[in-house]
Amino acid sequence: MRRLSLLILSLAAAAGLHAADLTLWYDHPGVNGLDGGLPIGNGRMGGLILGNAAAEDIKLTEDSLWTGDENPSGDYNTMGSFQMLGDLRIDTQLRGPVADYRRQLDIAQSLARVQFTAGGGHFVREYFCSHPAGVMVIRLTADQELNGAIHFEDAHRAVSTASAAGIDCAGALPNGLKYETRVVAIPQGGVVAAQGGGLAFSHCRGLVLLVAAGTDYAMNYASHYRGADPHAALEQALQAAASMSFDAIERRHIQDYQALFNRVSLNLGQSTPAQLAAPTDKRKIAAVDTFDPGMEALLYQYGRYLLISCSRPGGLPANLQGLWNDTNNPEWHSDYHTNINIEMNYWPAETANLAECHLPLFDLVRSQLPAWRIATDASPELKTPSGAMTTRGWAVRTSHNIFGGMGWRWDKTADAWYCQHFWEHYAFSGDKDFLRTVAYPVMKEVTQYWEDHLKTLPDGRLVVPNAWSPEHGPTEDGVSYSQEIVWDLFTNYVQAAAALGVDPGYAAKILAMREKLVTPKIGRWGQLQEWMEDIDSPNDHHRHTSHLFGVFPGRQFSPVTTPAMAAAAKKSLDARGPTGDVREWSYAWRTALYARLYDGEDAHFMFRQLFSARNTCPNLFGLHPPMQIDGDFGITAAVAEMLVQSQAGEIDLLPALPRDWATGSVSGLRARGGFVIGLAWKDGKLLNATFRSTGGTNCLVRYGAQTERIALKPGEEKAWGFGNGVAR
Ligand code: FUC
């Protein structure tokens with residue numbers, strides 16, 4: 001690679017962000033909450049904006065509003081469920097029919113907006129949910145007087161009271177969880193008065209609403225997952241917000257949001273004027289078959305927008321619906337589903353430069369461990385191969401809540417899958433404090449669990465006993481999904497111990513055990529076997545691709561290190577195909593798998609399926625019902641895998657660039673080892689690359705057959721140029 005003395009091309013400029021490409025917009029209100037509402041959130045509190053002109057109805061949520069408890073039975077029916085907080089209704093008296101309607105979500109700024117004309121007047125509504133202020137803010141403005149009413153309808157029938165200070169609604173769920181919602185209305189001109197549990201506003205030039213909500217949930221087993229009554233915190237947040245101007249709260253919100261969002265830009269080319277002119281719901285359908293570069297970049301960035309909006313330090317992690325809900329009986333309880341879904345939610349966190357957003361997952365898992373240990377120790381299903389009850393470590397079922405409660409079948413190796421996330425957070429950042437104090441204790445405990453629970457076959461090899469390849473096939477020893485996850489755990493554990501310079505003897509023992517793990521075989525039709533016996537069918541189009549964990553998100557197999565296994569994985573993946581029992585998250589996983597197998601065309605094909613009406617709603621959420629948000633996050637992770645990979649001890653540039661993405665640029669993608677990467681390419685050839693060290697000092701860079709070792713000082717940035725471009 002030739003070093004450029006001058007960085008000719010500024011990657012940020014090359015990215016040429018077009019505001020139109022970062023806006024979802026519609027010419028009509030949303031029909032239902034989850035599939036039509038535009039999601040806003042500040043990590044803890046969420047809203048779905050339907051945008052009806054005369055009668056706005058915002059579906060409000062708070063991430064800790066859950067029924068359920070520790071659920072010792074493990075019965076899925078009694079585990080509890082994520083709830084809806086309530087409906088915030090804004091009724092406006094409009095004269096005449098509505099015209100020139102537009103509803104939009106600008107993900108470059110995290111602002112939603114509805115505008116229309118009616119009765120000769122022009123009306124605008126702005127909505128955002130501020131993380132620093134801890135409140136949702138809504139502003140109504142018009143070029144004529146605003147008159148109407150505001151009501152909050154609690155989803156659990158708690159009664160609202162109203163006074164000049166606003167609406168207050170406090171209640172408790174059957175599990176004793178206390179919650180409260182408050183709405184403050186600040187008129188510009190005109191008056192606001194209490195009326196029938198709500199507020200009436202009249203003769204206003206504008207109206208600002210501040211909404212705050214909270215519960216007494218605490219992520220702490222010792223306090224039975226209960227903490228302070230929410231009232232005081234709500235009062236404080238509302239008073240602070242009310243003392244600021246709308247513009248000042250909005251400015252602070254945008255700054256806070258953009259500090260995360262602006263870290264990554266992606267440009268895959270220019271959409272046509274016709275594509276840009278189409279509303280998002282129509283545009284996305286067309287994008288299945290006709291390449292729409294702006295729409296593809298939008299879907300990538302939407303995953304980042306959603307993660308910033310629903311997973312902020314101090315709050316709970318993204319659940320099966322992120323942070324959004326429109327019912328008290330969501331599908332699958334809107335739970336934390338361990339056999340793909342919650343992990344997929346966090347696949348983009350590191351590569352998409354949102355590492356802080358990963359933290360709620362670690363907080364929740366650690367807070368559940370005392371309860372999970374008790375349940376694990378008590379379960380006869382989790383005896384060791386010698387018949388003893390568990391004494392070290394923990395396991396987790398397929399579903400869990402936020403109170404230490406779990407439901408459905410044990411997902412035997414999900415404990416080790418969770419450990420992968422703790423490890424990855426370190427692998428990208430090199431943060432030894434995090435590794436020492438947070439990740440390593442969790443990883444070591446789960447390693448000990450597997451030290452105790454692996455079964456020795458007569459030939460001395462080790463298997464996970466009685467496991468299930470998620471939701472597919474028999475329950476038996478040595479299924480590839482579980483073998484690969486334990487391989488991943490042991491590999492990461494050994495590296496973690498070495499990085500910290502601790503437990504060398506134990507790490508050596510674990511490394512020796514890893515070498516004895518049964519690894520997947522190549523079967524009769526050349527496939528990577530899902531089970532120890534060669535029973536995979538080439539006609540099986542199951543939605544899960546669990547046996548390919550070792551390709552992605554694992555790192556056991558790759559075209560460079562294990563070409564035969566990579567070829568077998570490709571056979572399996574091709575056979576699973578794009579049709580049959582395939583869901584939006586399945587396409588995201590398949591996209592990432594093809595990317596890891598250096599197959600940009602198939603990756604891109606799978607990616608585009610997410611635009612189809614069969615897979616996503618008009619608001620680009622996973623299809624409803626059952627609504628799941630995992631695919632939105634999974635696809636963001638998969639796009640990064642198409643552009644930069646770093647799992648194999650080297651940084652691989654443009655490993656799976658599809659033909660349609662011939663010319664483009666990206667900046668801000670993170671790579672393991674402590675690097676931030678920017679790339680620009682043209683006609684399928686790399687033009688230049690920048691590497692910024694965030695702690696990393698040395699890495700091997702691959703571009704096709706070429707490799708080069710680069711050295712950087714922490715904080716240093718270097719650029720390489722390639723003239724007219726170099727082919728991979
Ligand atoms: C996965 C799927 C299920 C369901 C669940 C929430 O485990 O296999 O079908 O979508 O997620």
Side-chain angles (χ1 to χ4, degrees), residues 69-76 78-79 221-222 336-339 342-343 362 364-401 403-423 438-457 461-470 475-479 481-494 496-497 503 506-507 509-510 512-514 516-518:
D69 55 24
E70 208 171 316
N71 198 39
S73 68
D75 181 346
Y76 198 24
T78 56
M79 194 190 77
Y221 174 80
Y336 293 94
H337 231 74
T338 63
N339 70 10
I342 173 111
E343 292 91 346
F362 309 135
L364 178 67
V365 168
R366 291 166 81 213
S367 74
Q368 307 299 291
L369 292 184
W372 291 356
R373 287 187 193 109
I374 292 168
T376 302
D377 291 356
S379 172
E381 271 183 76
L382 299 176
K383 282 182 180 168
T384 69
S386 61
M389 297 296 277
T390 302
T391 53
R392 299 197 296 173
W394 49 275
V396 59
R397 292 181 184 269
T398 305
S399 298
H400 65 85
N401 64 21
F403 306 113
M406 299 183 268
W408 210 34
R409 292 170 62 145
W410 291 103
D411 183 9
K412 296 258 168 77
T413 43
D415 52 1
W417 198 344
Y418 272 177
C419 285
Q420 186 190 50
H421 285 259
F422 284 83
W423 166 253
V438 179
Y440 188 76
V442 175
M443 293 170 70
K444 183 171 177 185
E445 186 181 355
V446 175
T447 298
Q448 289 172 331
Y449 177 91
W450 283 109
E451 182 191 356
D452 295 344
H453 283 80
L454 289 175
K455 175 174 153 186
T456 308
L457 296 179
R461 292 181 307 152
L462 298 173
V463 288
V464 172
N466 279 324
W468 193 31
S469 196
T475 297
E476 58 182 34
D477 294 351
V479 302
Y481 161 78
S482 288
Q483 295 302 118
E484 293 169 33
I485 293 180
V486 172
W487 188 95
D488 192 74
L489 170 71
F490 283 2
T491 303
N492 297 339
Y493 171 73
V494 169
D503 296 330
Y506 185 61
K509 177 178 183 190
I510 294 304
M513 287 182 79
R514 188 195 77 172
K516 289 192 192 163
L517 283 170
V518 163

| task | Determine, stepwise, if the pair V494 / R514 fulfils side-chain contact (heavy atoms from CB on, under 4.5 Å). | result | CA-CA 10 Å; V494 169; R514 188 195 77 172; over 6 Å; no

| query | Rounded to the nearest 0.5 Å, what separation is found between the OG1 atom of T447 and the CG atom of D452? | reply | 11.0 Å

| note | Value for CD1 (I510) from NZ (K444), rounded to nearest 0.5 Å, stands at 9.5 Å

| message | Restricting to salt bridge (charged side-chain N to carboxylate O under 4.0 Å, His left out), what partner residues turn up for K455, sequence neighbours left out? | response | D477

| Is a donor on one side and an acceptor on the other found under 3.5 Å between the side chain of T398 and the backbone of W408? | no

| field | Exercise: identify the closest heavy-atom pair between S367 and P370 | value | O-CD, 3.7 Å

| message | Which residues pass the side-chain hydrogen bond (donor to acceptor under 3.5 Å, both in side chains) test with W372, not counting sequence neighbours? | response | none

| said: Classify the ring geometry of Y449 against H453: parallel below 30°, tilted from 30° to 60°, perpendicular beyond 60°. | reply: parallel

| said: For N71 and T78, which I'm curious about, is there any donor-acceptor pair between the side chains at under 3.5 Å? | reply: yes

| said: Against the six-membered ring of W410, is R397 placed for a cation-pi contact (under 6.0 Å from the centre, within 45° of the normal)? | reply: yes

| field | Any side-chain heavy-atom pair of H400 and T338 under 4.5 Å | value | yes

| Residues forming a side chain to side chain contact (heavy atoms under 4.5 Å, CB included) with E476, sequence neighbours excluded | P474, V479, W531, E533

| task | Would you confirm whether N492, through its side chain, and Q420, through its main-chain N or O, come within 3.5 Å as a donor-acceptor pair? | result | no

| task | Drop me the distance from D415's CG to L489's CG, to the nearest 0.5 angstrom. | result | 7.5 Å

| request: Only counting residues at least two apart or in another chain, list the ones meeting salt bridge (charged side-chain N to carboxylate O under 4.0 Å, His left out) with D75. | output: none

| query | If you round to the nearest 0.5 Å, how far is CG of L382 from CG of N466? | reply | 10.5 Å

| query | Tell me, do T413 and W450 make a side-chain contact under 4.5 Å, heavy atoms counted? | reply | yes

| In chain order, what residues pass the side-chain hydrogen bond (donor to acceptor under 3.5 Å, both in side chains) check against K516, with sequence neighbours excluded? | none

| request: Could I get the full list of salt bridge (charged side-chain N to carboxylate O under 4.0 Å, His left out) partners for E70, not counting sequence neighbours? | output: none

| task | Could you walk me through whether K383 and T390 pass the side-chain contact (heavy atoms from CB on, under 4.5 Å) test, one step at a time? | result | CA-CA 6 Å; K383 282 182 180 168; T390 302; over 6 Å; no

| query | Between R392 and E451, which heavy-atom pair has the shortest distance, and what is it? | reply | NH2-OE1, 2.8 Å

| query | Can you name the ring-ring contact (aromatic ring centres under 6.0 Å, His included) partners of F490, sequence neighbours left out? | reply | none

| said: So, taking the atom named CG in N339 and the one named OG in S399, what distance separates them when rounded to the nearest 0.5 Å? | reply: 8.0 Å

| field | D377: partners by side-chain hydrogen bond (donor to acceptor under 3.5 Å, both in side chains), with sequence neighbours left out | value | none

| Would you say L462 and T456 make side-chain contact, with heavy atoms under 4.5 Å? | yes

| message | In the structure I gave you, are the side-chain heavy atoms of Q368 and N401 within less than 4.5 Å of one another anywhere? | response | yes

| field | Side-chain (S482) to main-chain (V464) donor-acceptor, under 3.5 angstrom | value | no

| Which residues pass the side chain to side chain contact (heavy atoms under 4.5 Å, CB included) test with A496, sequence neighbours left out? | W423, L435, Y440, M443

| request: Return the orientation label for the Y418 and W394 ring planes: parallel under 30°, perpendicular over 60°, tilted otherwise. | output: tilted

| said: Using modelled atom types and a 3.5 Å cut-off, is there a donor and acceptor pairing between side-chain atoms of K412 and backbone atoms of W468? | reply: no

| Do F362 and V442 come close enough that some side-chain heavy atom pair is under 4.5 Å? | no

| query | Is there a donor-acceptor contact under 3.5 Å linking the side chains of Y493 and D488? | reply | no

| Got L517 and V463 here, is their nearest side-chain heavy-atom distance under 4.5 Å? | no

| request: Would you give the length of the straight line joining atom OG1 of T391 to atom CZ of R373, rounded to the nearest 0.5 angstrom? | output: 12.5 Å

| task | Only counting residues at least two apart or in another chain, list the ones meeting side-chain hydrogen bond (donor to acceptor under 3.5 Å, both in side chains) with T475. | result | R409

| request: Sequence neighbours left out, what passes salt bridge (charged side-chain N to carboxylate O under 4.0 Å, His left out) with R461? Give chain and number order. | output: D459

| request: Could you tell me which residues satisfy ring-ring contact (aromatic ring centres under 6.0 Å, His included) with Y221, sequence neighbours excluded, listed by chain and number? | output: none

